Protein chains: 2
Amino acid sequence: MNLKDLAQHLGLSPTTVSRALNGFPEVAEATRVRVEAAAREYNYRPNTQAKRLATGRAMAIGHVIPISTQHEIVNPVFADFIAGAGEVYARAGYDMLLTIVPDAEQERAYREIRSKGNVDGIIVHGPRAGDPRIALLEDLGLPFVVHGRASGITRPYAFVDVNNSRAFERATRFLLDLGHRRIALVNGIEAMDFALRRRRGFERALAAADLSPDPRLMVAGEMTEAQGHDAARAMLRLSAPPTAFLTSSLLSAMGVRRALWEDGLVMGRDVSIVTHDDELGYLRNGAEEPIFTATRSSVREAGRRCATMLLRMIESPPPEPASELLEAVLVVGGSTGPAPGGAT
Amino acid sequence: MNLKDLAQHLGLSPTTVSRALNGFPEVAEATRVRVEAAAREYNYRPNTQAKRLATGRAMAIGHVIPISTQHEIVNPVFADFIAGAGEVYARAGYDMLLTIVPDAEQERAYREIRSKGNVDGIIVHGPRAGDPRIALLEDLGLPFVVHGRASGITRPYAFVDVNNSRAFERATRFLLDLGHRRIALVNGIEAMDFALRRRRGFERALAAADLSPDPRLMVAGEMTEAQGHDAARAMLRLSAPPTAFLTSSLLSAMGVRRALWEDGLVMGRDVSIVTHDDELGYLRNGAEEPIFTATRSSVREAGRRCATMLLRMIESPPPEPASELLEAVLVVGGSTGPAPGGAT
DNA sequence: CTGAAAGCGCTAACAC
DNA sequence: GTGTTAGCGCTTTCAG
């Protein structure tokens with residue numbers, strides 16, 4: 001059943017039917033009702049491809065997932081983000097188009113997406129410091145929103161990010177307030193922008209307490225259980241071992257926990273652990289009280305906001321790129337406290 | 001730059017250019033070379049929408065992700081699967097279209113996808129026993145491949161699955177061979193087909209050793225760290241506690257491990273743990289020797305195979321639905337052993 | 001071997 | 001208010 005058939009059945013022209021179905025004002029109310037009833041009855045669905053060709057709008061958003069050849073892992077965070085964005089698209093009648101691209105082929109991929117013209121906009125995932133994709137997309141004239149930011153890029157661009165530096169600054173201050181002086185940072189790969197910001201927040205809090213960061217108490221790498229374990233194991237053997245760990249992921253925190261067990265240390269008594277957890281949020285309930293969580297699992301919400309922002313940009317391009325900075329919520333032993341003010 | 005422009009530049013008709021670019025045999029080799037060079041030079045990309053409209057093929061595959069309102073979680077496995085499938089699509093020139101659908105709206109969603117006609121086929125995720133989606137898709141005449149199977153569906157359909165029951169049978173037999181007699185099963189939600197099969201494999205191994213399953217040593221639920229912990233904690237307090245745990249996910253296994261620690265038990269000496277791990281495979285290295293892993297992280301490979309199978313079905317529909325059953329690899333203390341034969 | 005012409009199903013000027 | 005008429009950019013008969 002296509003538009004022409006439907007129109008024939010109704011004794012109307014395709015144009016009128018199209019207008020009635022797309023909510024144009026000039027259609028008589030009676031006709032509209034009649035058309036809508038018929039459309040329902042015959043279970044009519046406009047052909048997407050035809051619509052796209054005619055309007056020049058793809059009615060689809062592209063998500064480009066960079067996949068490193070280095071680390072085989074696909075960030076599990078991504079699933080939650082996608083779910084959030086998907087909700088928004090579904091409501092707005094957009095499709096979500098996923099492209100998995102090896103790190104090395106980013107540029108080619110973006111250009112191809114652009115010229116194939118099957119998306120109206122793009123969500124950029126996993127930005128790195130000074131990420132060249134931002135300038136590229138700007139050049140290509142393809143609307144985009146970055147999930148995260150890229151330090152070092154000065155031209156304004158649209159993004160949605162969690163305030164990573166402030167979250168880590170606060171978490172560090174929290175440990176300092178408990179009296180800790182030797183705090184270890186188990187961070188993600190610092191080429192990734194979010195990890196970079198987390199370290200800055202950590203260092204800012206130390207500086208505010210007149211402490212200088214100890215390189216032996218800082219590691220950056222894949223955020224796995226093994227990373228946390230190995231890092232903690234090594235650090236605990238230092239002449240001046242840390243009394244607290246701040247980790248970038250719940251998995252790393254679980255690794256640290258294991259290292260403590262192995263050394264017969266009691267978490268929360270001998271050593272404290274604070275972790276940022278936007279990754280496997282549902283794991284949080286598995287953490288016993290002494291593990292403090294520095295932020296809620298906000299990835300899904302970030303997905304919704306990215307999508308909403310992008311759709312808005314597409315429907316009515318704003319003069320200046322918008323942006324949103326979500327504040328991490330501090331969760332201490334299961335209870336949630338408000339986010340105090342502070343630097344970005 | 002569109003086909004017409006390109007043709008004009010070349011002094012050819014759009015028809016010839018189209019044919020040259022699409023590998024039709026009747027084009028003179030010289031012309032083809034010339035056309036291809038020009039296409040590259042002008043960076044020509046055929047407009048996807050137009051191509052789709054003209055051919056009636058969407059050149060896209062839909063992945064429909066059911067999202068339960070019960071459990072807020074998006075299965076992280078999914079990210080790896082998608083990555084695998086994405087590789088295949090990219091090579092074949094297909095787009096990957098993701099749809100996130102609440103459990104309750106599955107049927108409506110599939111019908112809509114069908115009538116909008118923007119995919120040529122569908123991958124079904126997270127099948128349950130007797131899943132009604134299979135019959136529905138069959139009715140709709142939409143090619144599909146199921147990732148997993150649906151117990152109770154007798155009509156043949158295309159699927160790619162890991163041999164879950166055999167994996168769990170072997171893992172159980174492994175523990176039995178070590179002398180364990182009270183083995184606990186910490187399973188996923190048994191409405192999900194994979195969990196059902198895992199339990200069957202577990203019970204089959206017990207039966208073969210003339211043991212009957214003890215309901216107090218079996219739980220099914222969300223596969224989280226908390227689940228493993230709580231289940232193990234409770235079971236360890238039974239008058240006849242288990243001496244081994246078989247879990248359906250690495251997260252659950254980590255929870256069990258925590259429960260052991262809390263009770264001062266030593267893993268691998270007092271209690272053994274075997275876990276199926278297709279979930280967070282990269283965590284496996286973080287597990288110390290006494291945790292045995294019953295299967296490799298094969299999700300990505302499953303993604304590749306599902307995609308390949310579906311594309312093949314679309315390009316040349318086979319008389320009978322194909323299927324693939326991947327065998328899980330047994331990993332013991334870091335070393336990989338071959339999969340012995342056995343029942344399905 | 002190459003080209004002209006007719007669509008694919010829809011939208012959007014432009015009449016009436 | 002409604003209909004007529006061109007396209008959107010490509011593929012695909014059908015002629016030459």
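This one's a predicted model, so the numbers in the text were calculated from it and none came from an experiment. Naming convention: chains lettered A, B, ... in sequence-line order (proteins, then strands); numbering from 1 in each chain.
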Starting the side chain at C-beta, find the nucleotide from [options] nearest to [X].
X	options	answer
B/E26	C/dC1, C/dG9, D/dG9	C/dC1
A/A28	D/dG3, D/dG9, D/dG1	D/dG1
B/A54	C/dG7, C/dC1, C/dC10	C/dG7

Tell whether [X] reaches the base of [N] with its side chain through a donor-acceptor pair below 3.5 angstrom.
X	N	answer
A/R52	D/dG9	no
A/T15	C/dA12	yes
A/S18	C/dA12	no
B/T31	C/dT2	no

For [X] and [N], give me the distance from atom [atom1] to atom [atom2], rounded to whole Å.
X	N	atom1	atom2	value
A/R19	C/dC14	CZ	C1'	10 Å
B/R57	D/dG9	CZ	P	22 Å
B/L3	D/dC8	CG	P	13 Å
B/L53	C/dA6	CG	P	18 Å
A/Y44	C/dG9	OH	C1'	8 Å
A/R45	C/dG9	CZ	P	17 Å
A/F24	C/dA12	CZ	C1'	8 Å
B/Q49	D/dG7	CD	P	21 Å

Side chain to side chain contact (heavy atoms under 4.5 Å, CB included) partner of B/F144, the single match among B/I134, B/V64, B/L136: B/I134
Is the phosphate of [N], meaning OP1 or OP2, less than 4.0 Å from a side-chain N or O of [X]?
X	N	value
B/N22	D/dT11	yes
A/N47	C/dC8	no
B/T16	C/dG3	yes
B/K51	D/dG9	no

Taking [X] for the side chain and [Y] for the main chain, is one N or O donor matched with an acceptor at less than 3.5 Å?
X	Y	answer
B/Q49	A/R57	no
B/D131	B/R128	yes
A/R52	A/A58	yes

Other residues, nucleotides, ligands: >12 heavy atoms within 6.0 Å of B/R45 CZ: yes
Parallel, tilted or perpendicular, as decided by the 30° and 60° cut-offs, for the rings of A/Y94 and A/Y89: tilted
5' priority, DNA chain C, between B/T55 and A/P14 [closest heavy atom]: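 The answer here is B/T55.
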Nearest-nucleotide 5' precedence on DNA chain D, A/P25 against B/M1: A/P25
